[in-house]
Amino acid sequence: MKLLFPVLAVAFLAAACTKKQEVVFEATSVRWRGMIGTTEDECKKASRSIQQYLGDGWRIVSSSPKELVVNHGEGRCIGTEYVIEK
């Protein structure tokens, strides 16, 4: 019985350590005051498709609305920030 607890603790810790977590931002729209092209380009660079991660076996842990300020404050990327794990 004394040996069982340390073995279970090590197994639990090993399982917990193998999970990977990432934060993914997926833009759904763009707002701008200056030139649209630069803002769109910056939003495309910051945005990643959540479906691609889900197809690779990741799962969503949490999500929240998010706005990223880009183009020297002239534009905003509106979307969702996801915390995912595998």
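The first residue of the sequence shown is numbered 1, and numbering continues consecutively from there. Note that the coordinates shown come from a computational prediction; the quantities given were computed from them, not determined experimentally.
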Response to the item:
Nearest heavy-atom approach of Gly79 to Thr28 is CA-OG1, 3.7 Å
Practice prompt. With rounding to the nearest 0.5 Å, note down the distance linking CD in Glu42 to CD in Glu74.
Written response: 11.0 Å
Practice prompt. Go through the steps for Asn71 and Thr39 under the test side-chain hydrogen bond (donor to acceptor under 3.5 Å, both in side chains), then give the verdict.
Written response: CA-CA 6 Å; Asn71 195 18; Thr39 298; 3.1 Å; yes
Discussion item. Which Ile, Leu, Val, Met, Phe, Trp or Tyr residues join Val61 in one cluster when any pair of side-chain heavy atoms under 4.5 Å counts as a link?
Written reply: Val23, Val83
Fill in: Heavy atoms from other residues, nucleotides or ligands near CD of Glu67 exceed 12 (cutoff 6.0 Å)
yes
Discussion item. Please give me the minimum heavy-atom distance between Arg33 and Gly73, naming the atom from each residue.
Written reply: NH2-O, 2.7 Å
Worksheet item: Do other residues, nucleotides or ligands put more than 12 heavy atoms under 6.0 Å from Lys86 NZ?
Response: yes
Worksheet item: Got a sec, which hydrophobics cluster with Ile60, joining ILVMFWY side chains under 4.5 Å apart, including via others?
Response: Val24, Ile50, Tyr53, Leu54, Trp58, Tyr82, Ile84
Worksheet, complete the sentence: Heavy atoms of Ser47 and Ala27 approach each other most closely as OG-N, 2.8 Å
Worksheet item: Quick one: CZ on Arg76 to OG on Ser29, what's the gap to the nearest 0.5 Å?
Response: 12.0 Å
Discussion item. So which atom in Ser49 and which in Glu26 form the shortest heavy-atom distance, rounded to 0.1 Å?
Written reply: CA-OE2, 3.5 Å
